[in-house]
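So you know, we letter chains A, B, ... as the sequences are listed, proteins then strands, and number each from 1.
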Amino acid sequence: MNTPAPRRLVEESGELGELMRDASRQYSRGLDANRAWQRHLARKDRPELGRWLPASVVFALAAAALVVGIKFGRSSNGIVALPEPMIAKQVEEPKLEPAKPALNVLEKEPAPVQPERARPAPRDTRDSTPAPVEPKQPSEAAAPEAAEPKVDCLGFARSGDAKRAAVCFEGQAAGSGLSAEVGLYELARLRRDALGDSAGALVALDEYTRRFPNGSLTAEVRFSRLELLARLGRAQEAITASDALLASRYGSERAAELRLLRGNLYLRSLSDPARAAVEYEAASRGSSRIADEAAYLHALSLEKAGNIAAARSAYERYAERPGARHESEAKAKLKALSAQ
Amino acid sequence: MKPVKVSEPPSSNSKVMLAPVSGPSLAASHEGALLGRCVSGDEAAWRDLYRVYYPVAAAFLRKLGVRERELDDAVQEVFVQLFRYLPKFRGEAQLKTWLYKLCATQARRVRRWRAVASTLDKLFSSEEPITGLELSEGAARQRVATALEKLNEGERLVLVLYEFEGLSGEEIAQVASCPVATVWRRLHYARKRFSEALGVGEEARS
C-alpha cells in the first residue's frame, strides 16, 4: 500500500506550525533583487584574477603548510615517512573475498550503533564537482506518512543497548505509516549488524515486503534482502530474487552492482564460472570501481571455466584499462598462462 | 533520462528543451520564452530571470545556514554558475530544482570555507571568529536556524526542501541525488531531531 506524503509542518495549526510560518516569512525578509542584480553585474565584470585570488591564497597557504608539515614530519634518518596506503603492496594471488557479496546495501547505511550523521557525503555533492549537473530523475514515487516515534530507538542502539533498541524498533514497527516502515527496516539492520542475526533480519525484511509492498523503502529492502540471502548461503534464492529485481525499475538503476553480485554467486557459491563470466562481463562496462572489479573477475572466471584463450585476451584487455586496480595480478596471470 | 553533460563545450546550435517549469511567479510558457532569450544572450532576460529567482535562492541559502555576511557572495556565485551553464540546460529537470541543487552545493562550500576561515582566524588573529546569528534576524528564524544547525547536512537539506520549500519527495531526491526512500528516511529522523531541538513535542503539533 502506498502511504500519503506527510503533512508539512508549516501547514499545522499548533505551536510548531506557527513557528515555521513565522520563520519562513522572516527568512524571506530584506531581500532586494534589484540591488543584488547590480552587485551581480559588478561581479560579472570583475577580472578573473579578482575572483580566483582568495581561493589561490588559501591554496598557497595550504601548500606551504603541507611543505612545512613534511619538513617537520621527517624521521630522524631523514626519510619522509609515507602513510600506509603509499607503501607498495606485493600481491601474489588475486583476492576473492568469499563471504562478501558485491552488493552490500546495508553497509552503505550507517550501522545501528552509529548515527546517520557519521555517513560520508555523497560523491556527487563534493566541492570537486567540476560543473553543476541537472538533477537526475529519482527512482521512486512513493510518498509515505511520517508519524514520528516518541521513543529514541536509535539512541538505544547508539548507546550499545542493541536488545533494548530491537524491542523499541519492534514496537515502532507495530505502528503504521513511515514510522513503522523505518522501524522494520532498522530492526533488520540491527539484527544483522549488532545482534548477528541474519535470519532474523531476513524475517523483518520479509514482513516489510508483506506489509508494505509499495512502501517508501521498498528498493532498499529488496536490495538488503538479496544481500542477506547471499550471506545466508541461499544462493539459488538470491539468483531468483535478483532476476526479479533486475527486471524492475530499481534493479535497472543498479544493474552493474546486481550483475557483479550474481557473478560472485555463480562463481563462489554455485561453482558455475561460465555463467559467472557472463554476469561479470555485463557488469564490466564503464569505468566505475564495480566495472573494474567485474572486468578482472570476468577474466578470472573465464580462466576457471577452462577457456584459456579468452581468459588471456580478457586479462590483456583488463591490464590496459586506465587505473586498473588489479593490474599487477592480471600481468602475473598473463605471465603464468603464457608459461603453460 | 540522462542529465545534461555540462562539461562539454557549448555549441552554437545547443538546443534548449524545456519542460514545464513552475517558477515562483512566471507561467511555464513565459519562463520557457525567457530561458530561450537568456540562452540567446539577451541581458534583459537574464535580469528578469535573476529578479524572479534571487529571493528563492537567497532565502533557501539562509535556511541552509549561510549567514548574512556570506549571503551576497553565495547568491552571486550560484547565479554565475546558473548563467554559465544555462545554455546547456535541456529542461530534463525543472530550473527551480536545478537552482536548489546549485544552492545546496554552494551552502556546503560556504560552510567548508567558514571552517577554513575559522582556523586561519585562530592562527593569525587573537580575535574570536564571529559566531551566532545576526541580530537583525527574527526570533522565530533564530529558533529554527539554531534547531537546523543540530541536523546533519543531508537531514537539513531534506527538511528545508520539504517543510519550507514545499518540494515533493521526487524533487528532493533530484536535488539531494539520492533515492526517494532515502529522502523519507532522512525526513523522518530530521523531523524528530528538529522537534527535539525546538523543544516542541508531538503533542504540540496537533
Check each atom of B/Phe194 against the heavy atoms of chain A and say whether the ones under 4.5 Å are side chain, backbone, both or neither. side chain
So which heavy atom on B/Ala58 is nearest to which on A/Leu31, and how close? CB-CD2, 3.6 Å
So, the part of B/Leu148 with a heavy atom under 4.5 Å from chain A: the answer is side chain
If every non-hydrogen atom of A/Arg29 is compared with every non-hydrogen atom of B/Arg62, which pair is closest and at what distance? O-NH1, 2.7 Å
Which residues share a ring pair (Phe, Tyr, Trp, His ring centres under 6.0 Å) with B/Tyr50, sequence neighbours left out: A/Trp37, A/His40, B/Tyr54, B/Phe79
Apply side-chain contact (heavy atoms from CB on, under 4.5 Å) to the pair B/Val144 and A/Tyr27, showing each step before the final yes or no. CA-CA 10 Å; B/Val144 167; A/Tyr27 271 120; 4.0 Å; yes
Greatest number of non-hydrogen atom pairs under 4.5 angstrom with chain B, of A/Asp22, A/Val182, A/Val10, falls to A/Val182
Could you tell me whether B/Arg185 and A/Glu186 have a side-chain N and a carboxylate O separated by less than 4.0 Å? yes
Sorted by chain and number, sequence neighbours left out, side chain to side chain contact (heavy atoms under 4.5 Å, CB included) with A/Ala255 holds for A/Leu246
Straight-line distance of B/Glu163 CD to A/Glu11 CD, nearest 0.5 Å: 8.5 Å
Counting C-beta onward and ignoring hydrogens, is there a side-chain heavy-atom pair between B/Tyr162 and A/Leu9 closer than 4.5 Å? no
Quick one: of B/Leu198, B/Val75, B/Asp72, B/Leu71, who has the most non-hydrogen atom pairs under 4.5 Å with chain A? B/Asp72
Can you check whether A/Leu16 reaches B/Ser195 side chain to side chain, under 4.5 Å on heavy atoms? yes
Please report the interatomic distance CG(A/Leu154) to CZ(B/Arg193), rounded to the nearest 0.5 Å. 7.0 Å
So, taking the atom named OG in A/Ser216 and the one named NE2 in B/His188, what distance separates them when rounded to the nearest 0.5 Å? 11.5 Å
Show your reasoning for whether side chain to side chain donor-acceptor pair (under 3.5 Å) applies to A/Glu220 and B/Thr182. CA-CA 9 Å; A/Glu220 293 184 47; B/Thr182 305; 3.2 Å; yes
Inter-residue atom distance A/Ser28.OG - B/Arg141.CZ, 0.5 Å rounding: 9.0 Å
Search all heavy atoms of B/Gln76 against all heavy atoms of A/Ala36 and return the closest pair with its distance. NE2-O, 3.1 Å
Say you draw a straight line from CG of B/Leu167 to CZ of A/Arg8; how long is it, rounded to the nearest 0.5 Å? 7.5 Å
